[in-house]
**Q** 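Pasting a structure below so you can have a look.
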Amino acid sequence: MMKWWTSNATNPTEVIDGNSSFEETIQKNILFTNMESMVAWGRKNSIWPFNFGLSCCYVEMATSITSKYDIARFGAEVIRGTPREADMMVIAGTVFIKMAPVIRRLYEQMMAPRWVISMGACANSGGMYDIYSVVQGVDKFLPVDVYVPGCPPRPDAFLEAILLLRDQVGKETRPLSWTVGSQGIIKPNKVSMKDLQGPERLKMTEIRDPDKI
Amino acid sequence: MKGITSILKDQFLDVILCIQETKDEFPTLWIQGNHIVDVLHFLKNEVDLPFKMLYDLTAIDEQARKFRNGQPESRFTVVYQLLSFERNAFLRLKVPLTSEEPSLPSVTSVWPAANWYEREVYDLFGVKFTGHPDLRRILMPQTWVGHPLQKCHPARATEMGSFQLPDSKQEREQEALQFKPEEWGLDKNLGGDELMFLNLGPQHPGTHGILRLVLQLDGEDIVNVVPDIGFHHRGAEKMGERQSWHTYIPYTDRVDYLGGVMNNFPYVMAVEKLGDIEIPDRAKVIRIMMSELFRISSHLVWYGTFAQDLGMMTPVFLMFNDREKALEVVEAICGARMHPNWFRIGGVAQDLPQGWEKLIQGFIDYFSNKLKEYDKMIMQNSIFKARTVGIGVYSTEEAIEWGITGPGLRATGFEWDFRKKQPYSGYEQFEFDVPTGKNGDCYDRALVRIEEMRQSLRIIDQCLRNMPEGLYKSDHRLTTPPRKERTMKDIETLIHHFVHTTWGLAIPHGEAFCGVEATKGHNGYYLIADNSTSSYRTRIRSPSFPHMQFVPEISKGYSIPDLMAILGSVDYVLADIDR
Ligand code: SF4
């Protein structure tokens with residue numbers, strides 16, 4: 001019998017081993033593929049953030065909720081006060097050593113699927129604070145899906161992170177049920193915005209004159 | 001009026017070890033440690049025109065210091081800074097401790113407000129205070145080993161090995177965070193009734209940051225509140241010991257992170273005092289203009305979130321929009337929004353851009369009428385009033401006792417604004433009123449801040465109309481390297497240019513304190529220079545620290561929803577508490 005499957009070569013989430021058995025292949029039939037993408041579509045358009053902030057960056061994160069930036073445009077305005085109802089945790093601010101166990105506990109209280117955005121230099125790497133009380137990047141103890149540079153990142157930059165995360169979430173493959181399909185989570189590769197946008201940015205030859213408004 | 005130094009000499013001649021000259025010209029006396037309680041008691045309660053406020057209490061690790069100029073021998077020096085409102089003067093007392101395991105009598109019997117300060121000194125320096133009611137660590141985790149502000153403690157996280165959080169450590173740390181009433185000195189019963197404990201934070205939307213409060217409750221009524229702080233301790237003071245004088249400025253931005261350049265202000269002025277640097281008028285006025293703009297923007301965040309804490313949804317959106325307008329101006333002038341890092345030692349980073357007048361005028365026109373609208377929406381709203389009038393009341397005396405400054409002090413009816421009383425940077429030339437309240441409750445604290453925004457707008461308007469011409473930074477040799485063209489002509493200039501741009505300036509040894517009327521209260525920097533390119537000791541006396549210590553005092557007897565109103569009305573920022 002002919003083996004067949006649907007997958008997109010440039011899209012790692014849908015890559016399936018070429019030697020799958022007949023049953024496995026059947027599990028990947030049209031209905032399930034559509035179901036998967038439908039669920040992913042739902043997920044990506046309703047990412048509920050956890051109302052959690054650590055430091056200065058949180059102020060810019062909160063600003064992105066307000067009218068000028070309006071995070072509701074991307075379906076992420078349903079701020080949850082408890083981790084159990086949230087899909088996404090934004091590590092907005094400095095990761096303090098004293099706070100690390102608390103952050104981890106909060107993360108563990110979130111139900112899968114769950115995502116983490118690391119917002120700002122501090123959360124990415126410790127930033128300006130290579131100092132005794134600060135963890136040098138939240139990824140020392142949490143998996144991070146999107147990193148946002150800046151100190152603090154502008155609200156616009158945070159919104160871009162939401163867009164990137166939406167993209168990722170839309171492409172992620174997760175089991176629909178414990179009886180259906182493979183049980184692992186397949187995440188798309190992270191893209192480097194520096195690589196992606198670098199050439200375009202390098203074209204800029206004139207920098208705005210700071211003496212003019 | 002007899003000077004305080006001679007009064008003390010008359011009273012305590014044999015316990016005064018030495019009188020020190022400092023750059024800030026505050027009377028600075030070295031006192032024998034075993035008499036410190038008597039001396040402080042005398043200064044607070046007995047002397048004419050007393051020193052009613054314990055403004056600051058901190059320490060210095062002297063072990064690496066080179067230039068001490070005849071100061072008494074000391075391994076750790078504990079510093080008490082007092083403020084007398086009647087004299088309008090500060091006073092500094094120092095106690096030398098020579099032992100490697102230093103200890104000193106606690107002064108909590110004179111000032112209960114010394115409690116947290118002594119805990120901080122214990123935590124960061126390892127100095128023990130005998131007779132202290134609750135000498136536990138306050139900023140660092142209870143499991144921490146060592147005292148970070150000792151010179152021998154590593155400064156960098158990268159010197160201390162990579163951070164890991166295995167399950168065993170996670171469990172241990174969680175265990176250390178467990179709340180045990182006995183350890184915190186709290187009773188489980190009150191008159192036969194069993195009390196309830198509620199843990200609020202460190203993650204809670206109502207605490208405005210990573211602050212933990214443990215509430216001791218009798219039903220819905222608050223018997224006591226115990227704040228647990230330090231989750232936001234970012235080592236800002238230790239950072240000062242390794243950054244150069246100039247590269248420390250960005251760290252100040254992040255202390256009261258809503259206050260932006262207002263944080264740069266006391267720091268650069270303290271350095272200027274140390275280096276005898278005069279700054280040009282234009283720079284002074286630019287500094288005032290930008291600081292007042294940040295006062296408005298900070299108060300707007302407070303206003304919106306305060307209303308939100310009390311259940312109003314709309315105001316926060318309106319006010320963040322207004323804040324955006326202010327930040328647009330800030331960004332056009334300074335190039336960044338929240339942390340512009342824009343003041344420099346000797347002036348500001350850059351001259352105002354062409355067309356700045358239009359921006360400022362635009363903001364003034366836009367904002368002038370907004371507050372009136374908000375008065376109707378919020379201040380006259382009956383629910384808002386019911387939630388704030390008569391809640392969290394305290395008197396002027398209590399405020400002074402606990403080190404409260406800023407709007408929280410003025411709301412009690414005491415007209416004390418450092419911009420008027422000890423003018424700096426030319427504030428004496430501006431016309432503005434100092435708003436005060438009457439009742440010292442949440443509502444009055446709100447009133448004062450709102451009126452302050454109007455006054456700030458007045459000041460900004462005066463800056464706009466009277467901006468002096470001239471330089472935007474001083475050409476003092478410590479602040480500005482020699483002109484590049486001249487470096488090509490002689491070796492001397494070249495060397496100076498090189499040293500200045502690589503190592504940065506070396507400030508001559510000395511000590512100075514400088515404070516400003518910041519957004520949350522009086523914010524001061526106490527700097528010790530040791531002829532080096534970075535500070536020997538940087539002390540940040542932030543207003544939110546004493547304000548948070550005061551919260552339990554003003555929350556007892558109220559209910560939990562009232563506590564939310566009280567916290568909102570105090571207007572603190574976690575980085576300003578923990579630094
Ligand atoms: S990255 Fe910058 S703005 Fe963000 S928390 Fe750290 S210091 Fe604050």
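To find a chain, count down the sequence lines: A is the first, B the second, and so on, and within it residues start at 1.
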**Q** Looking only at heavy atoms, which two atoms of Pro101(A) and Gln174(B) are closest? And how far apart?
**A** O-NE2, 3.0 Å

**Q** Please report the closest heavy-atom contact between Gly235(B) and Ser133(A), naming both atoms and the distance.
**A** N-OG, 3.8 Å

**Q** Could you tell me whether Lys140(A) sits above the aromatic face of Phe163(B), with NZ or CZ closer than 6.0 angstrom to the six-membered ring centre and within 45 degrees of the axis?
**A** no

**Q** Provide the closest heavy-atom pair for Arg323(B) versus Thr63(A) in the form atom of the first, atom of the second, distance.
**A** NH1-OG1, 3.2 Å

**Q** Between Pro83(A) and chain B, which part of the residue has a heavy atom less than 4.5 Å away: side chain, backbone, both or neither?
**A** neither

**Q** Side chain from CB out, backbone as N, CA, C, O: work out which of these in Phe52(A) comes under 4.5 Å of a heavy atom of chain B, or both, or neither.
**A** both

**Q** Starting from the C-alpha separation in whole Å, work towards a yes-or-no answer on side-chain contact (heavy atoms from CB on, under 4.5 Å) for Cys151(A) and Arg254(B).
**A** CA-CA 10 Å; Cys151(A) 181; Arg254(B) 288 154 179 81; 3.1 Å; yes

**Q** When only pairs under 4.5 Å are counted, which of Thr66(A), Ile131(A), Thr94(A), Ile97(A) shares the most heavy-atom pairs with chain B?
**A** Ile131(A)

**Q** Can you say whether Met239(B) sits under 4.5 Å from chain A via the side chain, the backbone, both, or neither, judging by heavy atoms?
**A** both

**Q** Quick one: pull up CG in Asp578(B) and CZ in Phe96(A) and give me the separation to the nearest 0.5 Å.
**A** 7.5 Å

**Q** Output yes when Glu331(B) and Arg154(A) qualify as a salt bridge under the 4.0 Å nitrogen-oxygen rule, no when they do not.
**A** yes

**Q** Output the option from Glu171(B), Met338(B), Met160(B), Lys238(B) having the highest count of non-hydrogen pairs under 4.5 Å with chain A.
**A** Met338(B)

**Q** Stepwise, does the side-chain contact (heavy atoms from CB on, under 4.5 Å) test hold for Phe320(B) with Ile65(A)?
**A** CA-CA 10 Å; Phe320(B) 266 71; Ile65(A) 300 165; over 6 Å; no

**Q** Just verifying a value: how many Å separate Lys68(A) NZ and Leu327(B) CG, rounded to the nearest 0.5 Å?
**A** 8.5 Å

**Q** Rounded to the nearest 0.5 Å, what separation is found between the CD atom of Gln354(B) and the CG atom of Asp209(A)?
**A** 7.0 Å

**Q** Hey, does Lys98(A) have a side-chain heavy atom less than 4.5 Å from the side chain of Pro141(B)?
**A** yes

**Q** Under a 4.0 Å N-O cut-off, is there an ion pair linking Asp167(B) with Arg104(A)?
**A** yes

**Q** To check you understand the geometry: which heavy-atom pair defines the closest contact between Gln136(A) and Ala157(B), and what is its length?
**A** NE2-CB, 3.3 Å

**Q** Using heavy-atom distances under 4.5 Å, tell me whether Pro250(B) contacts chain A through its side chain, its backbone, both, or neither.
**A** both

**Q** Between Leu139(B) and chain A, which part of the residue has a heavy atom less than 4.5 Å away: side chain, backbone, both or neither?
**A** backbone

**Q** Tell me whether Lys190(A) at atom NZ has more than 12 heavy atoms from other residues, nucleotides or ligands lying less than 6.0 Å away.
**A** yes

**Q** Please flag which part of Leu106(A) lies under 4.5 Å from any non-hydrogen atom of chain B: side chain, backbone, both or neither.
**A** side chain

**Q** Measure distances from Ile333(B) to the heavy atoms of chain A and classify the residue's part below 4.5 Å as side chain, backbone, both or neither.
**A** neither

**Q** Relative to chain A, which segment of Thr143(B) carries a heavy atom at a distance below 4.5 Å: side chain, backbone, both, or neither?
**A** neither

**Q** Check whether Gln164(B) reaches the backbone of Phe141(A) with its side chain - one donor and one acceptor, N or O, closer than 3.5 Å.
**A** no

**Q** Going by atom types alone, do Ser55(A) and His232(B) pair a side-chain donor with an acceptor below 3.5 Å?
**A** yes

**Q** Where do Leu177(B) and Val102(A) come nearest, in terms of heavy atoms and distance?
**A** CD1-CG2, 3.7 Å

**Q** For Arg242(B) and Asp130(A), run side-chain contact (heavy atoms from CB on, under 4.5 Å): C-alpha distance rounded to whole Å, both residues' side-chain angles, the deciding distance at 0.1 Å, then the answer.
**A** CA-CA 11 Å; Arg242(B) 81 157 195 249; Asp130(A) 180 3; 3.8 Å; yes

**Q** Given a strict heavy-atom distance threshold of 4.5 Å, which part of Arg156(B) is in contact with chain A: side chain, backbone, both, or neither?
**A** both

**Q** Heavy-atom cut-off 4.5 Å, strictly under: side chain, backbone, both or neither for Arg172(B) against chain A?
**A** neither

**Q** Looking at Asp211(A) and Gln350(B), what are the two nearest heavy atoms and their distance?
**A** OD1-NE2, 4.3 Å

**Q** Thinking salt bridges, do Arg105(A) and Glu173(B) make one under a 4.0 Å N-O criterion?
**A** no

**Q** What do the steps show when you test Phe50(A) against Gln203(B) for side-chain contact (heavy atoms from CB on, under 4.5 Å), and what is the final call?
**A** CA-CA 11 Å; Phe50(A) 176 29; Gln203(B) 153 59 23; 3.6 Å; yes

**Q** With only heavy atoms counted, which part of Leu574(B) is less than 4.5 Å from chain A, the side chain, the backbone, both or neither?
**A** neither

**Q** Taking Gly230(B), Ala332(B), Ser162(B) one by one, which has the highest count of heavy-atom pairs under 4.5 Å against chain A?
**A** Gly230(B)

**Q** Mark yes or no for whether Tyr251(B), through its side chain, and Met128(A), through its backbone, hold a donor-acceptor pair below 3.5 Å.
**A** yes

**Q** Looking at His233(B), His153(B), Arg234(B), which one forms a side-chain hydrogen bond (donor to acceptor under 3.5 Å, both in side chains) with Tyr132(A)?
**A** His233(B)

